[in-house]
Participant: 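First the structure, which I've put down as structure tokens, then a few questions once you've had a look.
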Amino acid sequence: MRPRRSEGAAAARHRSVGRAPPAQPTQRPACASLGPTRKPNVCHRLSRRALGCFSRDAGVVQRTNLGILRALVCQESTKFKNVWTTHSKSPIAYERGRIYFDNYRCCVSSVASEPRKLYEMPKCSKSEKIEDALLWECPVGEILPNLSDYKSSLVALTAHNWLLRISATTGKILEKIYLASYCKFRYLSWDTPQEVVAVKSALNKGSAVAQQAGIQQPILLYLAVFRVLPFSLVGILEINKKIFGNVTDATLSHGILIVMYSSGLVRLYSFQAITEQFMQQKLDLGCACRWGGTTGTVGEAPFGIPCNIKITDPPPLLFEVSSLENAFQIGGHPWHYIITPNKKKQRGVFHICALKDNSLAKNGIQEMECCSLESDWIYFHPDASGRIIHVGPNQVKVLKLTEIENNSSQHQISEDFVILANREKNKNENLFTVTASGRVVKKSFHLLDDDPEQETFKIVDYEDELDLLSVVAVTQIDAEGKAHLDFHCNEYGTLLKSIPLVESWDVTYSHEVYFDRDLVLHIEQKPNRVFSCYVYQMVCDTGEEEEEETIDRNC
């Protein structure tokens, strides 16, 4: 449920203060220390925790506990053991210690020493299956009406247009809302994380017969917006072709309506301003309503929820930009955005510009200059440091955005640190061929940067609670590929830990890897819709297992 190669601006959840000067590019394997900082003493931390030697800040204990866990995860004797492997004919999803099977109908906890089933919902028809879901967790500091509201729940969308809130521990349905019959809702996303959810319909392209007859489809898609817990309706918005033109997609993010076009154009509007100007009637869930000559209860079948936000005039435009394949991200301090110039030959070239005046940052054109089958990718770092992560097949660059000296209005891009793949230096070789006449002919050839026989970076993610960068590197050995997961210090890029994955890695398959505290989970999609899940858990190796294996071999 969370993308591994994030094309959008990632949610900022961590702070970065007192940053050190950029470290020199480090080649793997580097020093396995914690970088310039002193290695923490776990016993000392535990003693201080037992004595209550903390400030009055309520978050200190949690941060200390996570610091202890980070030290345990990264120490040399700690291993990650494959404790569970399973296969499925339906997609497998993971979110915060829970593995979901069979379209979210079955939930397995991965927190125990061996994954165990939490619940399995009753079998349902194809029209009732869950199509998309988001994990909702209780907000801090709010008084909620029911005890069950303080526990995590799953916000789920069914194929027959019901929006459900399901207990994440029991699978019991806590709330249900019937959306509508006038469109097919298919996707869920957070507008404001953990607070406001957006439900998007499928794009209405019209039937082939209607297209041939030249019949225009006025409504392209719908967006239903709700505040969560208890569910309350903000409104349902229609994206009209007459107002917006030939839209290919639209979404909500942090109160901004983002509209995209096939030409690469991206436009931004204020959703609040649209709501205030174009809402026809405020609707409340569970209340009687008369709409279009029909009376019913809002959110109950068959009445559902009428579309109450209909835009009749072009709303005020906040921002407009053109980018290749609509790739557009906002982040940094102050606000900057990243685009690729809207030309195919510019693929792999990224421009970093100031949002306030569209000015290009100094060194703001970033190009990896790699020769590979898969293009590199770039995104704002999700730790709220304002940095940028640029990933290519053989290197990961962490860039920082800083003010230009004596000119606070302009900013520049510089390298914070670089992580390099562990490769042979002179792999691009010269071959010598001897002709029949005895003449020696030299042939030069160059390997691709993502050549399977060389270590190649496939996934880069960030574990916010342990403040670690996790990097998946893959090498093709003979007929099969081998992968390992590396943990790097998020501040300096130093390699702290490397974990081999025991299963083979086929680069032609789709892969997701999650690192969550003391858990590593690998989901693989094979041909013919076969999904595999491999679960690794942290174990502190005492050496006893190795001694037993040695005795067995000697016997």
Side-chain angles (χ1 to χ4, degrees), residues 4-6 10 14 16 19-37 70 73-74 76 80 331 338 348 350 352 363 366-372 374-383 385-401 413-425 427 447-464 466-475 481-501 505 507 511 513-515 520:
R4 315 314 297 156
R5 288 190 182 185
S6 177
H14 250 254
S16 179
R19 297 186 53 72
Q24 294 298 317
T26 54
Q27 178 133 2
R28 220 195 48 79
C31 174
S33 68
L34 289 177
T37 55
R70 171 180 161 135
V73 165
C74 295
E76 186 177 353
F80 278 77
I338 304 174
F350 303 100
I352 304 169
N363 301 325
Q366 291 293 314
E367 186 176 6
M368 189 85 56
E369 295 182 354
C370 55
C371 180
S372 58
E374 293 187 21
S375 60
D376 48 326
W377 71 98
I378 193 169
Y379 57 99
F380 285 100
H381 200 308
D383 68 350
S385 63
R387 294 181 295 171
I388 296 167
I389 298 178
H390 189 183
V391 185
N394 60 348
Q395 58 181 313
V396 178
K397 289 184 179 181
V398 176
L399 311 170
K400 61 181 180 180
L401 186 67
I413 303 297
S414 58
E415 287 184 2
D416 200 4
F417 60 82
V418 180
I419 300 170
L420 299 177
N422 187 22
R423 295 187 167 190
E424 298 177 25
K425 291 185 177 180
K427 194 63 180 176
L447 294 175
L448 292 173
D449 289 318
D450 57 355
D451 180 78
E453 294 184 359
Q454 293 287 301
E455 183 176 90
T456 304
F457 295 137
K458 293 297 183 182
I459 296 172
V460 177
D461 201 10
Y462 174 60
E463 216 297 345
D464 59 343
L466 302 186
D467 197 28
L468 292 173
L469 279 176
S470 61
V471 180
V472 176
V474 181
T475 307
K482 280 297 182 183
H484 56 87
L485 178 64
D486 294 342
F487 301 152
H488 291 264
C489 172
N490 182 48
E491 189 171 4
Y492 302 104
T494 311
L495 176 65
L496 305 178
K497 186 80 175 177
S498 185
I499 301 168
L501 302 182
W505 184 294
V507 295
H511 298 268
V513 175
Y514 298 90
F515 169 45
V520 172

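What you see below is based on every heavy atom in this structure, not just the backbone, and it leaves out hydrogens, waters and symmetry mates.
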Participant: Just wondering, do Val471 and Val460 contact through their side chains at under 4.5 Å, heavy atoms?
Facilitator: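 When only atoms from C-beta onward are counted, Val471 and Val460 do touch, with a gap below 4.5 Å.
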Participant: Quick one: closest heavy-atom pair of Val391 and Val396, and the distance?
Facilitator: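 Scanning both residues, the minimum pair turns out to be CG1-CG2, 4.2 Å.
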Participant: Is the shortest distance from a Lys or Arg side-chain nitrogen in Asp486 or Lys497 to a carboxylate oxygen in the other one below 4.0 Å?
Facilitator: no
Participant: Side-chain contact, heavy-atom cut-off 4.5 Å: Leu401 with Ser414?
Facilitator: no
Participant: Check each of Leu496, Ile389, Asp461 against Leu469 using the side-chain contact (heavy atoms from CB on, under 4.5 Å) test, and report the only one that passes.
Facilitator: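 Per the side-chain contact (heavy atoms from CB on, under 4.5 Å) rule, the option paired with Leu469 is Ile389, out of Leu496, Ile389, Asp461.
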Participant: Looking only at side-chain N and O atoms, does Arg423 offer a donor or acceptor that is under 3.5 Å from a partner on Thr475?
Facilitator: no
Participant: Can you check side-chain contact (heavy atoms from CB on, under 4.5 Å) on Leu485 and Val520, steps first, answer last?
Facilitator: CA-CA 9 Å; Leu485 178 64; Val520 172; 3.7 Å; yes
Participant: Hey, what do you get for SG (Cys489) to CZ (Arg70), rounding to the nearest 0.5 Å?
Facilitator: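 Answer rounded to 0.5 Å: 5.0 Å.
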Participant: Measure the CZ-OG distance between Phe80 and Ser498 for me, rounded to the nearest 0.5 Å.
Facilitator: 11.5 Å
Participant: Given 3.5 Å as the limit, does a donor-acceptor pair link the side chain of Thr456 with the main chain of Gln454, or not?
Facilitator: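 Flag set: sc Thr456 to bb Gln454 pair under 3.5 Å.
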Participant: Return the CD to CD1 distance between Glu367 and Ile378, rounded to the nearest 0.5 Å.
Facilitator: 11.5 Å
Participant: Answer whether the closest heavy-atom distance between the side chains of Leu420 and Asn394 falls below 4.5 Å.
Facilitator: no
Participant: Might you point out which heavy atoms bring Lys458 and Trp505 nearest each other, and give the distance in Å?
Facilitator: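 Result for this residue pair: CB-CZ2, 4.4 Å.
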Participant: First locate atom CD1 of Ile413, then atom CD1 of Ile352, and finally report the distance between them rounded to the nearest 0.5 Å.
Facilitator: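 Answer rounded to 0.5 Å: 4.0 Å.
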Participant: Please tell me whether His484 and Glu455 have a donor and an acceptor in their side chains that are separated by less than 3.5 angstrom.
Facilitator: yes
Participant: Please find the pair of heavy atoms, one from Ile419 and one from Gly493, that lie closest to each other, and give the distance.
Facilitator: CG1-O, 4.0 Å
Participant: Out of curiosity, His381 NE2 to Arg387 CZ, how far, rounded to the nearest 0.5 Å?
Facilitator: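 The NE2 atom of His381 sits 4.5 Å away from the CZ atom of Arg387.
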Participant: Take the angle between the ring planes of Phe487 and Phe515 and call it parallel below 30°, perpendicular above 60°, tilted in between.
Facilitator: parallel
Participant: Using side-chain heavy atoms (C-beta onward) and a distance below 4.5 Å, is Asp376 in contact with Phe457?
Facilitator: no
Participant: For residues Tyr462 and Asp467, is any side-chain donor paired with an opposing acceptor at under 3.5 Å?
Facilitator: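 Yes, Asp467 and Tyr462 have a side-chain donor paired with an acceptor closer than 3.5 Å.
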Participant: Roughly how far, to the nearest 0.5 Å, is the NE2 atom of His488 from the CG atom of Leu495?
Facilitator: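 Answer rounded to 0.5 Å: 5.0 Å.
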Participant: Got Ile388 and Val398 here, is their nearest side-chain heavy-atom distance under 4.5 Å?
Facilitator: no
